[in-house]
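Heads up, the thing below is written out as structure tokens.
Note that the coordinates shown come from a computational prediction; the quantities given were computed from them, not determined experimentally.
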Amino acid sequence: ECEWPFAGPACDKCAWGYYGDECEVKKTLTRKNVKSLSDAELDNLKLYLNWMKFNETLDDYVVSACTLPTMTSGDYTPELCFRNVTAYNFIVYVHWYATISTNSTLMNNYPHGTAGFLTWHRHYMLLWERYLQEASGDYDFALPYWQWTGDVKCSICDDRYFGGSHGVNGTLDTSAFSEWQSVCRYMTVMSDGFLCNTDTKEGFIYRHPGAAEHDLPTNKEMHETLDWFPYAAYPYDATSEKNFINILYGAALSETGMVNDTITSMHIAAHGFFNGTMDEYVASTPNDPIFSVFHSFVDNVFEMWLDRYGEEGINTYPRWGASGGSNWGDYMVGLFPPVTHGTYMANSTEFGYVYEPIAPYVDN
């Protein structure tokens with residue numbers, strides 16, 4: 001355990017919201033709507049993401065490319081089983097690792113469809129923001145959000161923002177992300193005993209926004225989602241009904257609170273809108289850089305709910321009875337140093353950020 005306010009695997013980082021060589025500077029950053037960024041701020045965002053993807057090799061983590069039985073079989077060397085990794089590909093790997101099964105037959109998917117969906121992703125987006133700051137050296141940078149509700153056809157799916165789709169493949173050929181390829185693209189542990197190899201490029205980022213003939217969720221759906229209480233309800237998974245988290249997750253409908261086997265809403269429906277890297281395989285969706293501002297907005301909706309319901313809402317997070325890895329005191333799967341879900345059932349100011357107010361209640 002690190003001495004406050006230091007943090008990180010070697011206690012050489014600062015706790016969220018603290019900066020400086022001795023972590024002596026406390027700041028509260030404002031995450032802006034990506035549509036309100038100046039041209040210079042938008043250029044920086046794209047530049048920082050590219051640095052994080054291609055240039056910022058981590059010095060505090062390596063990633064495993066082998067399963068434990070493979071590592072202990074004597075057939076493989078540490079050099080073969082462990083990889084240095086860029087900050088962006090590490091972010092992808094963490095999501096992939098926490099989402100896939102630890103074996104090839106059972107899907108454990110701890111960060112999705114559980115009570116821990118929002119708390120896990122809150123920590124994850126803070127990690128993403130931190131790596132963007134470190135890659136750029138800009139410690140005043142705050143991860144913007146994209147208010148995808150009401151945006152209908154995705155107004156940031158063009159080259160000014162996150163890239164327009166080209167040709168039958170939907171690749172981002174003329175954008176700042178034209179050279180981006182996926183890693184950790186597939187869902188299960190490979191049959192040869194290897195996990196994802198972050199050195200292996202597995203195809204260019206692609207999108208076909210709206211090709212499934214449905215628009216992005218509406219602002220009406222977002223406001224309906226915010227009306228639901230409690231935070232979670234038994235059985236605390238994607239089948240639960242009339243609770244905030246499963247409606248924001250998108251397995252239950254915002255109007256009725258009920259699960260519909262043929263219709264999704266909010267977060268799941270918004271992922272499905274892209275018909276590409278953002279919904280091809282759940283585990284590898286962060287390969288698309290639009291994920292960063294997409295999930296920053298999911299966290300923003302979470303924050304609005306916390307503002308509305310306060311301690312009463314926080315107390316409806318399950319202390320027990322939820323699936324393994326998602327109770328209040330459970331450690332989040334795939335994250336190190338260990339941290340519990342309950343840590344993140346608190347307002348964003350506790351972690352050094354706030355959100356610029358969302359756009360008025362209109363659907364574009």
Among Phe351, Trp16, Phe117, find the residue that satisfies the ring pair (Phe, Tyr, Trp, His ring centres under 6.0 Å) test when tested with His123. Trp16
Quick one: are the ring centres of His208 and Phe274 less than 6.0 Å apart? no
Close side-chain approach of Trp128 and Phe291, heavy atoms under 4.5 Å: yes
With sequence neighbours left out, write down each residue that passes side chain to side chain donor-acceptor pair (under 3.5 Å) with Asp227, or none if nothing qualifies. Arg308
Can Tyr93 be reached from Tyr61 by stepping across I, L, V, M, F, W or Y side chains whose heavy atoms are under 4.5 Å apart? yes
Once the angle between the rings of Tyr309 and Phe229 is folded into 0 to 90°, is it parallel (under 30°), tilted (30 to 60°) or perpendicular (over 60°)? tilted
Pair Asn44-Asp138, side-chain donor/acceptor within less than 3.5 Å: no
Give a yes or no on this: more than 12 heavy atoms of other residues, nucleotides or ligands lie within 6.0 Å of atom CD of Gln181. yes
Given Arg31, which partner from the list Glu129, Glu356, Glu41 fulfils the salt bridge (Lys or Arg N to Asp or Glu O under 4.0 Å) test? Glu129
Quick check: do Lys13 and Asp60 have side-chain heavy atoms less than 4.5 Å from each other? yes
Are there over 12 heavy-atom neighbours, none belonging to Lys242, within less than 6.0 Å of that residue's NZ? no
Testing the basics here: between Asn275 and Gly210, what is the closest heavy-atom pair and its distance to 0.1 Å? ND2-N, 3.9 Å
Under 6.0 Å between ring centres: does that hold for Trp148 and Phe294? yes
Just wondering, more than 12 heavy atoms not from Glu24 lying within 6.0 Å of its CD? yes
Tyr236, Leu118: one ILVMFWY side-chain cluster at the under-4.5 Å cut-off? no
Any donor-acceptor N/O pair, Glu202 side chain to Arg185 backbone, under 3.5 Å: yes
Flag if over 12 foreign heavy atoms under 6.0 Å of NZ, Lys201: no
Determine yes or no for a side-chain-to-main-chain donor-acceptor pair under 3.5 angstrom, with Asn50 supplying the side chain and Leu47 the backbone. no
Could I get the full list of side-chain contact (heavy atoms from CB on, under 4.5 Å) partners for Asp288, not counting sequence neighbours? Ile205, Arg207, Thr277, Met278, Ile290
Hey, quick one: are Leu29 and Tyr131 part of the same hydrophobic cluster, counting side-chain heavy atoms closer than 4.5 Å, chains of contacts allowed? no
Should Gln133 and Tyr19 be marked as a side-chain hydrogen bond (donor to acceptor under 3.5 Å, both in side chains) after you check the CA-CA gap, both sets of side-chain angles, and the distance that decides it? CA-CA 11 Å; Gln133 292 170 346; Tyr19 300 86; 3.3 Å; yes
Within the 6.0 Å centroid threshold, strictly below: Phe297 and Trp146: no
Can the ring centres of His112 and His271 be said to be less than 6.0 Å apart? no
Identify whether Tyr48 and Leu127 are in the same connected component of the hydrophobic contact network (ILVMFWY, side-chain heavy atoms under 4.5 Å). yes
Under a 4.5 Å side-chain heavy-atom rule over Ile, Leu, Val, Met, Phe, Trp and Tyr, are Tyr18 and Val339 clustered together? no
Donor-acceptor contact present, side-chain Ser326 to main-chain Ser323, <3.5 Å: yes
Can you see whether Asn243 engages Tyr231 through a side-chain donor-acceptor pair at a distance of less than 3.5 angstrom? no
Centres of the Phe162 and Trp180 rings: under 6.0 Å? no
Can you tell if the side chain of Asn89 reaches within under 4.5 Å of the side chain of Lys53, non-hydrogen atoms only? yes
Can a donor-acceptor pair be found, under 3.5 Å and without considering hydrogens, that links the side chain of Trp228 to the backbone of Glu241? no
Could you check, using the six-membered ring where one of them is a Trp, whether Tyr355 and Tyr353 have ring centers closer than 6.0 angstrom? yes
